[in-house]
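The next block holds one structure in the form of structure tokens; read it before the comments.
Below, read A as the first sequence line, B as the second, and so on, with proteins coming before strands; counting in each chain starts at 1.
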Amino acid sequence: MILRALVLSLALFSVAQAEAQRYDGNELIDNHRYDDAIRLFSSRIAQNSDDTESRVLLASTYAARNGISLAKFMGVARVIANAPAANKSAGISGMLAQLNMVFGSLSALPDLASSDGLRDIQTAVRVMPDKPNASYGYYLYRALLRLVILKDDLRYRHKLKPLRDQCTVSDAALQRWLEGLGSKFSLILEDVAKGTKDPKKAAKVLGIKAKLREVISPEGADAPSETEMNDMPEALKGLYPC
Amino acid sequence: MLRLIFIITLLSSPAFAERLLGVPSLMSEGPNLTLHQSIIGRACFSMAASAQDLDCNPAFLADSDKRNLRLNFTGNDQAKNFADTWKSLKSDDAVDVAEDLLNDRDPKQAQAAFSAWYQKGYWAAGLVPIRTGLSYLQRNEAYPQLSVYGYQETEAFYKIGLVSEENKDLRIGLQTRYVARKYIYQKFYALDALADPDIIELNKQRVLYVEPGFAYTFDAPWKPTLAAMISNLPLYQSGDKTPWRPEFDVGLSTSYPGFLPHFRSTTHYHRTAGTDIAHAFSWTGIYDFERFGATSITLGDGLFGAGIDGHIAMVTAGIGYRNERIDVDSWNKKNVESTFFELGLNF
């Protein structure tokens, strides 16, 4: 009788085990099955557009396809996440110090190998719209992906070259480029604010964003002081050739 | 009896248990108070322990004449590496934890236990001031997901084995364990933890387990013995919800009188959630050097373990190796290797 019970129990146990085999899709990315992962996460999002986990995993699939591993640049994530707390000074110099910190961390970010890579990361950002149920990490990840795109923009210095010869900040082309850069950076700061749990720190980031807009708007564009020029990231110094 | 086994099996089935797939399962790791227990794992439930060792299945205490007091430490080589990680876990420093764990993509498992027990024939009582284990796996480098099991617990146990005068072939036993533990049993994304360290939950619980075992020796020259044990069966529990579930073990052990008088072996069955049926079976052998020590070997599907310990005067020392395959996902199988150490004093 006992033996019969054991056999019956083992059989039941085996059936239950098979039901337990359910994975969440991360293993597809681990095994470089990016097309399968994109199909899986896209279909989950189609079924439920508020599935933010599938959205971030879909974005990470595009990132993984281009060799962008968050595990390798966790230090940058830490700088971004802690940026609101790290800088105590106010005003434009405070903002520049903040920007310097973030731009300084850009070197740790991976370079995109091709224009396809850039398109993938732009797609990754697009599949992560604002969602009320999204986690803080969701927005920090979007900020990091936007930083990768920004780095790619800055990396192509040839875009700046025609502008470098001109000494007028109000030049339309330079202004457009500057505003484009400013709006990209504003989006990054917005994401950092949304990815910050502490409301005070989030407000601080939004304050930096407001100051940045003041600096790049035509009305409020004062030339930076010598000290501010010294604190400025190399990438931005090119904007002030005179 | 039939009904009881049926209910226990249903309770312990993975359909009722959450599981972090691909992570070395600490929840069903089995006893690990001594080197041989750590090496042979749950197979110790279906065979009697060596001369200086402690029986896992209390039914085997029924006809034991051992009398000793033992202080013991056993742990594996990963335990030291994980000490800092565990410290960070306890201090809720999620960022440190994430950065520590992100450095290594392979699944890891660490364990260590300090214990003291006294056995007098058919009963034994003991205290485990600290037993700790940690295992983890990282997935998706682009947006790292960490699966982490970690626990630190204190335990007091009492076990007793009984045999009737009428039928000495059937032995039954009961083990009671009171466990107070802190644990983490969670799957989370590293960036979520970085942004909000509060998502890592440190759980606490106190549980009184009642764990019955039995052993029946058939009348044959090689003394085949069918032994079974139900472990992690809670009689009382308080605190946070438990990921630990009742576990069922059964095995058939034999000795080899005349041929290899100091050798015993068992074929053991225990199914860990998420693994295939072949992984559930293992074969284990123990060769006793009488009172001077023992060597054990265990083999299974993707499993190899071997250990040796020796007793000189009051001191027991041992070393062992265990290599276990983990089915990380549908495509990946990785091996978790551990070297175990033991140091004990016998009085």
Practice task
State whether a side-chain donor-acceptor pair under 3.5 Å links N140(B) with S60(A).
Solution key: yes
Problem - Side-chain donor-acceptor pair present, D192(B), Y141(A), cut-off under 3.5 Å - result: no
Exercise for the section: Output the distance between atom CD (E53(A)) and atom CD (Q145(B)), rounded to the nearest 0.5 Å. Expected result: 7.0 Å
Exercise for the section: Using side chain to side chain donor-acceptor pair (under 3.5 Å) as the criterion, list what pairs up with S46(B), not counting sequence neighbours. Expected result: T266(B), H268(B)
Handout entry: T267(B): partners by side chain to side chain donor-acceptor pair (under 3.5 Å), with sequence neighbours left out
Key = none
Handout entry: Option that, when pairs with chain B are counted at under 4.5 Å, heavy atom only, ranks first among L57(A), I29(A), N31(A), V56(A)
Key = N31(A)
Completion exercise
Taken in chain and number order and not counting sequence neighbours, the residues that satisfy side chain to side chain contact (heavy atoms under 4.5 Å, CB included) with A134(A) are T52(A), K131(A), Y138(A), Y139(A)
Practice task
Decide yes or no on side-chain contact (heavy atoms from CB on, under 4.5 Å) for L144(A) and Y143(B), but give the supporting numbers first.
Solution key: CA-CA 11 Å; L144(A) 283 164; Y143(B) 189 72; over 6 Å; no
Practice task
Considering non-hydrogen atoms only, spot the tightest contact between A195(B) and G195(A) and give its length.
Solution key: CB-O, 3.6 Å
Practice task
Check whether more than 12 heavy atoms from other residues, nucleotides or ligands sit under 6.0 Å from atom CG of N167(B), and answer yes or no.
Solution key: yes
Practice task
Indicate yes or no: at least one non-hydrogen side-chain atom of D30(A) is less than 4.5 angstrom from one of E141(B).
Solution key: no
Handout entry: Contact class of R33(A) relative to chain B, heavy atoms under 4.5 angstrom
Key = side chain
Handout entry: Contacts with chain B made by residues 116-129 of chain A (heavy-atom distance under 4.5 Å), listed by residue number
Key = none
